Every structure is written in structure tokens, then in C-alpha cells.
Amino acid sequence: MAITDVTEAAAWDPRASFGRTVQERMAHRLMLNVPSRGNPKVEKLIERINADDEMYALWLAANVNAVERLQMTDHGPVHVKIVMNIAVKLLRVLTESGVEPNVVTNYGMGTDDAEVIVLLASLLHDVGMSVHRKDHEEFSLFVAQPKIRELLEGIYDRATATVIRSEILHAIIGHRSGARR
């Protein structure tokens, strides 16, 4: 819908496009996809995430706060899908150019593990918007922590999953405006 004047903008109700109830919003679910390039961990995570109602509801809540309440740009499923695909593509371009991800350098993990970190960090970086815009990066940390643990269950042993989770949380807080390493 193209809004052409102030009167139309004032009258536009985003709920008409996205649904009003939780059930209506969930019925218009966007499925995520990213080229896995044979990475079974990425394939398993995408499968789990696409079946995860809690994750999708967090994106919906973040988007209601951003779009409907604050009149900001999208911070929901469309946003995270775009960010995830761009982030994974950038990681692959860098690794194909000889850049070694920190988890390879510091922990002897593989680039497939770096893809897991980038994928989950990009999908969870704005879940704190479901709580509040101000300091949403910090809210994202405590909202994402149990979800990361759940998603990584059975893919990694406990110690490796803990390191992966720490790296994901590091990436999430690092997207804060003015953040330093």
C-alpha cells in the first residue's frame, strides 16, 4: 500500500495488513530460508526455527513495538530474514577470501560453526524490541539466551554450545550503536 499524503498516513492501520490478533498474525507466517551449502547444522536450525511459534511471536511483538507503536521501519520476520541472508552471505564471502572467523582461530571450530553463530545472531539481534526500543540490544541478550540454548540442543555438546551461545550473545550486543569490541 503506497501512502501518498498525511491524511492517508494518519488513517493507515498496519493491523489491517498484518492482522489484529496473535492468531491472525501467526497465520501470515513468513518461512525463513538461507542457502545451507550442505551445512547440516544450518539446515537443522532453519527447520527448528520455522517450526518455532515462540520465536515467531517474539518477532511479531518486536514488530508491533517498532512499526505500530513507534512508526519505525520493520523489525520483524521480514527484517531478520533479510539480515540473516546478508550476514551469512558476507561471512561466506569473507571466508572464501581467506578471512578466518574468530571461532576458528580461538576455538578450532569450523566455518560451519561460524555460520551458526552469524545465522542465530542475525535472527535474534532485535528480539529485545519485543520489550522496549531503548536498550533493546541488552534486552535481546536475556530474551535470546534460553532460545539459543533450546535451538542448539542436540547439535552441539554442552561445552561447545556454551561457547557458541556466548559468541552469539557477543554479536547481538555488538550491534548496539557505538558499541566497541
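This structure is a prediction, so every number in the text was calculated from the model and none was measured. What's counted below: heavy atoms across the whole structure, side chains too, no hydrogens, waters or symmetry copies.
- V78 is connected to L60 through a chain of hydrophobic side-chain contacts under 4.5 Å among Ile, Leu, Val, Met, Phe, Trp and Tyr, so both are in one cluster.
- Both V80 and L30 are part of a single hydrophobic cluster, where members link through side-chain heavy atoms under 4.5 Å apart.
- With hydrogens and angles disregarded, no donor-acceptor distance shorter than 3.5 Å links the side chain of N39 to the backbone of T111.
- Annotation: side chain of P35 is in contact with side chain of N85 (closest heavy-atom distance under 4.5 Å).
- The CE atom of M84 sits 5.5 Å away from the CG atom of L119 when rounded to the nearest 0.5 Å.
- Closest approach of P101 to L91, counting heavy atoms only: CG-CD1, 4.1 Å.
- Of all heavy-atom pairs spanning L152 and A161, the tightest one is CD1-O, 3.8 Å.
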E54 vs K147, test: salt bridge (charged side-chain N to carboxylate O under 4.0 Å, His left out). Steps then yes/no. CA-CA 9 Å; E54 181 184 20; K147 182 52 61 182; 2.8 Å; yes
Begin with the C-alpha distance, continue with both residues' side-chain angles, and end with the deciding distance and a verdict on side chain to side chain contact (heavy atoms under 4.5 Å, CB included) for I155 and R48. CA-CA 11 Å; I155 296 175; R48 287 180 179 183; 3.6 Å; yes
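- Across every non-hydrogen atom of K81 and L32, the tightest pair is CB-CD2, 3.6 Å.
- If you take CD on E47 and CG on D52, they are separated by 12.0 Å, rounding to the nearest 0.5 Å.
- A side chain to side chain contact (heavy atoms under 4.5 Å, CB included) with I117 is found for exactly one of V163, V103, L169, namely V103.
- Closest approach of R29 to Y56, counting heavy atoms only: CA-OH, 3.2 Å.
- Closest of all the heavy-atom pairs between E43 and S36 is OE2-OG, 2.8 Å.
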Please determine whether side chain to side chain contact (heavy atoms under 4.5 Å, CB included) holds for the pair Y156 and V116, giving the CA-CA distance in whole Å, both sets of side-chain angles, and the decisive distance to 0.1 Å. CA-CA 11 Å; Y156 293 100; V116 166; 3.5 Å; yes
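- Hydrophobic clustering (ILVMFWY, side-chain heavy atoms < 4.5 Å, transitive): I82 and L45 are in one cluster.
- When hydrophobic clusters are built by joining Ile, Leu, Val, Met, Phe, Trp and Tyr residues whose side-chain heavy atoms come closer than 4.5 Å, directly or via intermediates, Y107 is not grouped with L94.
- Here CD of E96 is found 8.5 Å from CZ of R92. Values are rounded to the nearest 0.5 Å.
- Contact record, I49 with M55: CG1-CE, 3.9 Å, taken as the closest heavy-atom pair.
- Of the inter-residue distances, the one linking E153 atom CD with L151 atom CG reads 10.5 Å to the nearest 0.5 angstrom.
- Counting only heavy atoms from C-beta outward, the side chains of V34 and K89 never approach each other to under 4.5 Å.
- Atoms CD and CG, from E115 and D113 in turn, are 9.5 Å apart once rounded to the nearest 0.5 Å.
- Within the model, atoms CG of L120 and CG of L123 stand 6.5 Å from one another, a figure rounded to the nearest 0.5 Å.
- Connection of V88 to I86 is established within a shared hydrophobic cluster, with ILVMFWY side chains joined at heavy-atom distances below 4.5 Å, either directly or through further cluster members.
- Between the side chains of N102 and T105, no donor-acceptor pair of N or O atoms lies under 3.5 Å.
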